[in-house]
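Structure, as structure tokens:
The first residue in the sequence is number 1, and the count goes up from there.
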Amino acid sequence: MGYYIIEGGPKLIGEVDISGSKNAALPIIAASILNKGITVIENVPNIRDVKMMCSILEAVGCAITRDNGKIIIDATDLQSSEIPEKLMHEMRSSVIIVGALLGRMHECKFTYPGGCEIGARPINLHLEAFKQLGVELCEDNGFINCKCNKLNGTEIVLDFPSVGATENIMLASTLAEGTTYIKNVAREPEIKNLQDFLNSMGASVHGAGSNTIVVNGVPKLHDCTFSIIPDRIEAGTYLCMAAATKGEIKINHVNPEHISSIIHKLKQINCKVGISKEAVFLRANKELISTNIKTMPYPGFPTDMQSQFVTLLSITNGTSIVVENIFENRFKYVNGLIKMGANITLEGRTAIIQGVKELSAANVEAKELRGGAALVTAALAAKGVSMVSEIEYLERGYENLVEKLTILGAKITKQ
Ligand code: EPZ
């Protein structure tokens, strides 16, 4: 496992280009196997999770070529409907392939993806929905075998607006017979991007962004070329890093609408934030002040920005309260912040943050993707030289992190 050496202090100043969205790219790459042909996906970030998703597609028989940010997927002949156990455990979002394999092959064999550092992350909502679509599931020493003669459109009501379950049901019902109504769905921008992708292949999916998605099953799909939306969480992460270092940055290739809840909170803590059609500008030259945050499903404040914002609030004036409503265990990174001098008390899903004047450098471990981003943010603002280890977690979701931060004036090297 590699590590970053970060000398804190320099203000982040300049411009950064946001990459394609990890959380849009993963379900769209999975969905490409619904088309018995060739699919071209553009603006795909070059990150570990995308590589892992492509490895799963190759394991079931797809031929994949990469050309910079473009991926060409030939899913004409699939040979297997089994998801490799190792890849399933390494990346829980592989479960999104199940819906695509069921849609294409009417069968799939996989293991439970397992939890991770932020929670148990069960897939009960996915499995219940597959059963309602006519899939027979049976468990056999840790594997789940799914089979059906055909998929039948039906009405599915989600207990919780799960992003992954929403996406999986969309994929499983795209080629089903009849219409599927999915209610209480996730409304994240990545769901709309997936809907647009499916429709560009000839599917008939409507309602993404509202609380009900309607999927009219079609007999087959066709080739297409499609571009991934910008990564709203990467954009929010750089805004937090700039604010933490009292910097001034412009982030390009972002949809400001997708990060309106983050912009609202940045303004609330005294950052100056301006927007244009595809860019956001931030200046943090005033004393930052405390605020309160509750993470919620989109369009509420995103859970994937919780840890980066807690870092920011740990060096603002006053007391802030952050409640994590989406995952049951998403404060593990706080130990690293406390090691750097933050004053944070955890009570279940609530963090009580007493702002301190300055953090001090320390050696810390990135235990998961967004917690790792929080620790990098802290190291950029802290006095002294920090080491952030286990950076493979960060490289799962942030393309060219060292290069982008270096251009903004950060003193960061990868070892
Ligand atoms: C997606 O995960 C994202 N990952 C996560 O981003 C993000 O944090 C999450 O949505 C919420 O926005 C990708 O898109 C690849 P969920 P997902 O199903 O689909 C519970 C990142 O940092 N739940 O909406 O797994 C679950 O335990 C990652 O980029 C069930 O109980 O999230 C959690 O508490 C981290 N049963 C809540 O719902 C189920 O069957 C939200 O999970 C499914 C979910």
Exactly one of Lys22, Lys404, Arg370 should register a side chain to side chain contact (heavy atoms under 4.5 Å, CB included) with Tyr398. Which one does? Arg370
For the atom pair CD (Glu177) and CG (Asn216), what is the distance rounded to the nearest 0.5 Å? 13.5 Å
Under the criterion side chain to side chain contact (heavy atoms under 4.5 Å, CB included), I'd like the reasoning laid out for Arg232 against Tyr298: C-alpha separation, chi angles, the key distance, then a yes or no. CA-CA 12 Å; Arg232 59 192 171 98; Tyr298 192 89; 3.8 Å; yes
Using a distance-only test with no angle check, is there a side-chain donor-acceptor pair under 3.5 angstrom linking Ser19 and Glu399? yes
Salt bridge present between Lys86 and Glu90 (N-O < 4.0 angstrom): yes
Any pair counted as side-chain hydrogen bond (donor to acceptor under 3.5 Å, both in side chains), so long as it reaches residues 406-415, sequence neighbours left out: Glu395-Lys414, Thr413-Gln415
State yes or no: are the ring centers of Phe301 and Phe309 separated by less than 6.0 Å? yes
Separation between NE2 of His126 and CG of Leu158, rounded to the nearest 0.5 Å: 9.0 Å
Shortest non-hydrogen pair, Val50 vs Pro45, comes out as CG2-O, 3.5 Å
Regarding Arg330 and Asp304, does a basic nitrogen lie under 4.0 Å from an acidic carboxylate oxygen? yes
Rounded distance [0.5 Å steps], CG in Leu26 versus OG in Ser93: 5.0 Å
What distance do Tyr3 atom OH and Ile5 atom CD1 have between them, rounded to the nearest 0.5 Å? 5.5 Å
Is the shortest distance from a Lys or Arg side-chain nitrogen in Lys367 or Glu390 to a carboxylate oxygen in the other one below 4.0 Å? no
Can you list everything that forms a side-chain hydrogen bond (donor to acceptor under 3.5 Å, both in side chains) with Asp231? Sequence neighbours excluded, please. none
Atom pair CE/CD1 of Met91 and Ile83 - distance to nearest 0.5 Å: 9.5 Å
Stepwise salt bridge (Lys or Arg N to Asp or Glu O under 4.0 Å) check, Arg349 with Glu324: CA-CA 5 Å; Arg349 289 185 178 227; Glu324 171 54 57; 5.5 Å; no
Which class fits the ring pair Tyr333 and Phe331: parallel under 30°, tilted 30 to 60°, perpendicular over 60°? tilted
Examine distances only and state if a side-chain atom of Asn325 and a backbone atom of Met296 form a donor-acceptor pair shorter than 3.5 Å. no
Do Asn152 and Lys150 have side-chain atoms, one donor and one acceptor, less than 3.5 Å apart? yes
